[in-house]
Amino acid sequence: MSTVIFRTFAPFLTALMIVFSVFVLLRGHNEPGGGFIGGLIAASALAIYGIACGVAPVRRALKFHPMSISAFGLALAAAAGIPSFFVSVPYLTGLWASPKILGVTIDVSTVTMFDIGVYFVVVGAISSIALSLEEKDR
Amino acid sequence: MESGSFDWTYGAMAAPFLAAVIAPWVKRWLGAAAGWALSIVPALMFIHFLQFLPLVADNSAFANGFVWIWQIDVNFSYLIDGLSLLFALLITGIGTFIIIYSGSYLKGHPNQGRFFSFMFLFMGSMLGLVLADDFITLFIFWELTSITSFLLIGFDHTRQAARRAALQALIVTGLGGLSLLAAFLLLIGAEDLRVSTMTEAFALGQGFKEHSLYLPVLILMLGGAFTKSAQVPFHSWLPNAMEAPTPVSAYLHSATMVKAGVYLIMRIHPFMGNSAEWNLILPLFGGLTLLVGTVLAIRQTDLKLILAYTTVASLGLLVMLTGTSLTLAVYAAILYLFAHSLFKGALFLVAGGIDHEAGSRDLTRLGGLRSSMPITFAVAFIAACSMAGFPLTIGFFAKETMYDALVHETALFPFAPVALLTPAVLGVAIIGNALMMACGFAVAIKPFAGPAIVTPKHAHDGPVGLWIGAATLALCGVLAILFGAWVGHRLIEPAGIAVTFYAEDLHISPALHLNAAFALSGLTWLLGLVVFMRFEVLRGAIGRMLDAIGWGPDKGFDQLIAALTKAAAALTRTIQTGDLQHYITLTLIVLAASLILPISLFAEWPTELPEMPLTYYEWAVLGLAIIGLAAVLMAKSRLIAIVSLGIQGFAVALLFMIFGAPDLSFTQFMVETLSVVILALVMTRLALHPSDHRPVAKRLLHIAISVACGGAIGALLMTVTALPFDSTLSDFFAQNSRVIAHGRNIVNVIIVDFRGLDTLGEITVVMVAGLAVLALLRLRVLAPESGDGQQGGGQQVDGQQEGGK
């Protein structure tokens with residue numbers, strides 16, 4: 001698996017895939033994509049990095065334990081429903097705001113926050129499984 | 001009644017829960033002073049409830065609430081009448097001193113902050129229980145008291161005995177709670193499940209006893225009350241609960257929580273009581289509990305255990321008196337309940353003080369402490385006088401009233417059994433009171449009298465925090481009779497009216513009346529004195545008797561739990577063989593059966609092949625899937641089979657793409673990729689033979705199951721797609737995803753917006769599954785290495801090895 005070409009190439013591929021996963025995550029509301037797919041792409045990116053260069057560099061690069069990332073995602077998704085309480089609508093009802101930042105109108109919503117939460121849950125859980133499975137080979 | 005719109009009673013009900021949250025921080029900031037600071041919370045609550053005294057004494061009750069779960073008609077509502085107010089004052093008043101005492105008793109304990117938290121959680125639950133108007137609200141607080149009691153009994157969780165006691169208390173009182181819930185559920189829908197409305201509807205006029213469900217409801221409710229209030233044969237959890245730190249024993253297991261059962265009995269008395277069944281069951285169980293409790297109390301040498309068994313006995317006395325339904329006897333029960341909370345709470349705190357300062361609470365190892373612990377001795381003596389019912393204490397008046405009621409009063413609705421029962425109840429009460437008096441003095445005099453015995457610690461009176469609570473409670477027992485008129489009119493009589501619906505003037509005063517009741521008191525004291533003088537002899541005799549019997553409910557509980565564990569283990573071994581192949585085979589057989597059986601039964605097999613107007617490239621993708629499948633079947637090694645499975649998955653993903661489901665296709669591609677990677681990684685970890693060596697018979701079975709599953713799912717799909725397509729949902733989503741949810745991607749909008757809660761559940765499952773896999777992998781890695789001495793468990797092994805050298 002760990003040929004020189006693969007090892008050299010893998011970090012760039014991983015970086016590219018992670019950028020792509022974020023792109024997929026953010027465009028998900030209107031085009032094919034979303035948190036779940038984005039999370040899967042990012043998880044496979046990390047899996048590739050792990051296979052090529054070993055698990056330790058991946059864990060270093062992640063800074064946090066994958067399960068912590070997953071838990072953070074779950075907390076984020078659950079918190080996305082909390083603003084609903086303040087406007088007396090059912091939990092997790094999508095709320096939108098369009099503030100103007102530096103002259104550009106940006107649509108922000110609790111739905112996006114929820115989707116980002118989904119993304120983190122999937123990245124964390126899947127890469128946690130993949131990384132701990134890869135660890136034994138070393 | 002409060003100014004402004006905020007109902008401060010809600011505030012008082014919420015305050016302990018808030019205090020539970022901040023308690024650990026208060027402990028960290030203030031250290032030893034935390035007990036004093038935190039006691040402000042219950043003290044303020046006490047003052048809040050004090051304001052209601054004059055109003056409730058005028059026969060008014062206060063209720064407020066809001067709809068909690070309208071779908072099943074559950075309200076969160078409170079009711080302040082004489083009975084709940086008396087309990088609320090006891091809970092907050094005694095609670096104040098218990099919190100102060102805990103500050104001193106557990107000084108320097110590493111988990112003292114947590115202890116305060118648990119105590120406040122309990123206080124809030126107990127207060128909610130007695131104030132609840134709605135029965136479902138009452139049930140929830142009832143269960144909360146069981147849970148907090150569990151946490152507090154098991155506070156010292158490193159000791160096995162404490163863990164067992166906590167579990168036993170939870171199981172016994174938890175089962176009782178379920179019984180109570182069953183009683184409420186029987187009534188839900190049929191009746192307005194509120195204390196106030198039930199009382200109004202049934203108290204005067206026709207009783208609830210004609211109701212067709214009366215007997216089952218009564219038995220189920222008593223199931224709850226008897227377990228909580230430790231009636232025979234459910235009593236053994238209460239003495240075992242003495243494993244808890246002493247403040248817990250004093251507060252939960254004598255002054256408040258164990259009285260929840262008695263509270264419930266009194267609460268339901270207006271509409272459930274005064275029937276033949278009531279007047280038979282309650283005195284029977286109560287009387288038995290009184291006798292068993294006192295006899296077992298004499299057997300003990302541990303101060304706390306003696307007090308615990310006399311608490312069991314007192315609870316029996318209360319149940320017995322309430323069970324007679326005689327108005328004056330019920331008033332006596334309320335008086336006794338009030339007196340008991342004061343003197344028993346004080347005695348428990350004294351026992352804890354002795355334990356804390358002398359280092360032991362075993363009667364046989366204590367003696368002559370009167371000179372080294374004079375304050376403690378005085379407090380204990382006053383409390384024991386109230387327990388014995390000596391003049392000038394509230395205990396005296398409670399006992400006189402009790403005897404007076406049983407001698408003179410006839411039943412309001414004289415049922416035949418009551419007439420026969422009353423003399424029996426009187427006899428049991430006299431014996432019980434006499435034995436309790438002996439036990440009370442055994443606790444209050446024996447450790448202090450006689451020659452000094454060397455105790456494990458150098459004994460002296462503890463700091464103020466350790467005796468102020470006991471002293472206040474003991475003195476209240478005296479003040480209560482000196483200010484008898486106030487106590488009677490403001491506290492006891494309103495509670496009595498709430499329970500019996502008959503007003504009675506008690507004329508509480510320290511004056512002596514030389515009547516029949518006083519003569520019976522004299523008899524009680526005489527009997528008590530004799531038992532006290534012969535205490536050691538009786539203890540030995542009862543010990544021998546119990547050894548001869550050799551079995552009790554406590555042992556029975558252990559046997560029950562052991563049998564349950566065994567049965568569960570046997571069942572688990574049968575179902576959970578640990579063989580993965582076995583599980584998968586079973587799961588797939590069930591899947592096939594659950595598909596094939598309904599289709600066969602309703603004759604819904606597809607009759608004709610659907611038309612397939614496919615283009616050449618669609619056929620090509622389908623062919624790719626079939627090639628992938630064939631490759632799986634023909635693969636020489638497992639790894640090749642896994643990768644070939646990916647071909648088939650990719651082909652399906654392509655099909656999704658062609659038929660206009662890019663999201664689905666996208667996800668399918670990623671899932672296929674990752675599952676091939678993960679499966680391949682798993683394969684490298686499992687020490688399996690690279691190729692497949694199943695015997696022919698097994699192969700045939702597996703082929704049969706595969707064909708059945710695949711065929712059944714195919715048939716199901718054909719049948720379903722043959723039906724006209726109902727497009728209501730997809731139309732709704734198509735129309736509204738842009739309008740309501742501002743998104744053009746319908747699939748994503750459904751996931752994150754329309755069905756957001758589902759997704760939240762799903763990602764929780766994903767995360768938990770990730771955790772579980774991680775735990776399983778860790779387990780496998782660590783198992784063979786645990787002896788290396790790198791982990792916590794390993795150090796012990798090292799130590800043993802060194803010891804061996």
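Naming: A, B, ... by sequence-line order, numbering from 1 per chain. Predicted model only: the values in this text are computed from it and were never measured.
- For S128(A) against L774(B), the heavy-atom pair with the smallest separation is OG-CD1, 3.6 Å.
- The 12-atom threshold is not exceeded at CZ of F86(A), counting heavy atoms of other residues, nucleotides or ligands nearer than 6.0 Å.
- Looking at A80(A), there are no atoms closer than 4.5 Å to chain B (heavy atoms on both sides), in backbone or side chain.
- Taking each heavy atom of M670(B) and S44(A) in turn, the nearest pair found is CE-OG, 3.0 Å.
- The distance from atom OG1 of T673(B) to atom CG of L40(A), rounded to the nearest 0.5 Å, is 9.0 Å.
- Closest approach of A77(A) and I763(B) over heavy atoms only: CB-CD1, 3.6 Å.
- Within a 6.0 Å sphere centred on CD1 of I5(A), other residues, nucleotides and ligands contribute 12 heavy atoms or fewer.
- When each of L674(B), I678(B), I751(B) is checked for heavy-atom pairs under 4.5 Å with chain A, L674(B) comes out on top.
- The two residues L777(B) and S132(A) make their nearest non-hydrogen contact at CD1-OG, 3.4 Å.
- In this structure, N748(B) and N30(A) have side chains that are not in contact, with every pair of non-hydrogen atoms separated by 4.5 Å or more.
- Around CZ of R755(B), the count of heavy atoms belonging to other residues, nucleotides or ligands within 6.0 Å does not exceed 12.
- Atom CZ of F85(A) has more than 12 heavy atoms from other residues, nucleotides or ligands within 6.0 Å.
- Here T667(B) contributes atom OG1 and I37(A) contributes atom CD1; the two are 3.5 Å apart, rounded to the nearest 0.5 Å.
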side-chain contact (heavy atoms from CB on, under 4.5 Å) between V111(A) and V749(B), intermediate numbers included: CA-CA 9 Å; V111(A) 169; V749(B) 166; over 6 Å; no
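- Residue W25(B) qualifies as open at atom CH2: its count of foreign heavy atoms under 6.0 Å is 12 or below.
- Atom OH of Y91(A) is surrounded by more than 12 heavy atoms from other residues, nucleotides or ligands within 6.0 Å.
- Annotation: Y583(B), atom OH; neighbour count of heavy atoms from other residues, nucleotides and ligands within 6.0 Å is above 12.
- If you tally non-hydrogen atom pairs under 4.5 Å between each of V122(A), I126(A), D115(A) and chain B, the highest count goes to D115(A).
- In this structure, a donor-acceptor pair under 3.5 Å is absent between the side chains of N745(B) and H29(A).
- Residue F666(B) holds its CZ atom at 4.0 Å from CD1 of I41(A), rounded to the nearest 0.5 Å.
- Of all heavy-atom pairs between S70(A) and M767(B), the closest is OG-CG, 2.9 Å.
- Between chain B and the options V118(A), I129(A), T110(A), T93(A), heavy-atom pairs under 4.5 Å are most frequent for I129(A).
- The structure places CZ of F36(A) at 12.0 Å from CG of D663(B), a figure rounded to the nearest 0.5 Å.
- Distance check, rounded to the nearest 0.5 Å: CG of L760(B) to CZ of F114(A) gives 5.0 Å.
- In this structure, NE2 on H742(B) lies 11.0 Å from OG1 on T112(A), to the nearest 0.5 angstrom.
- For the options V752(B), T759(B), V773(B), heavy-atom pairs under 4.5 Å to chain A are most numerous at V752(B).
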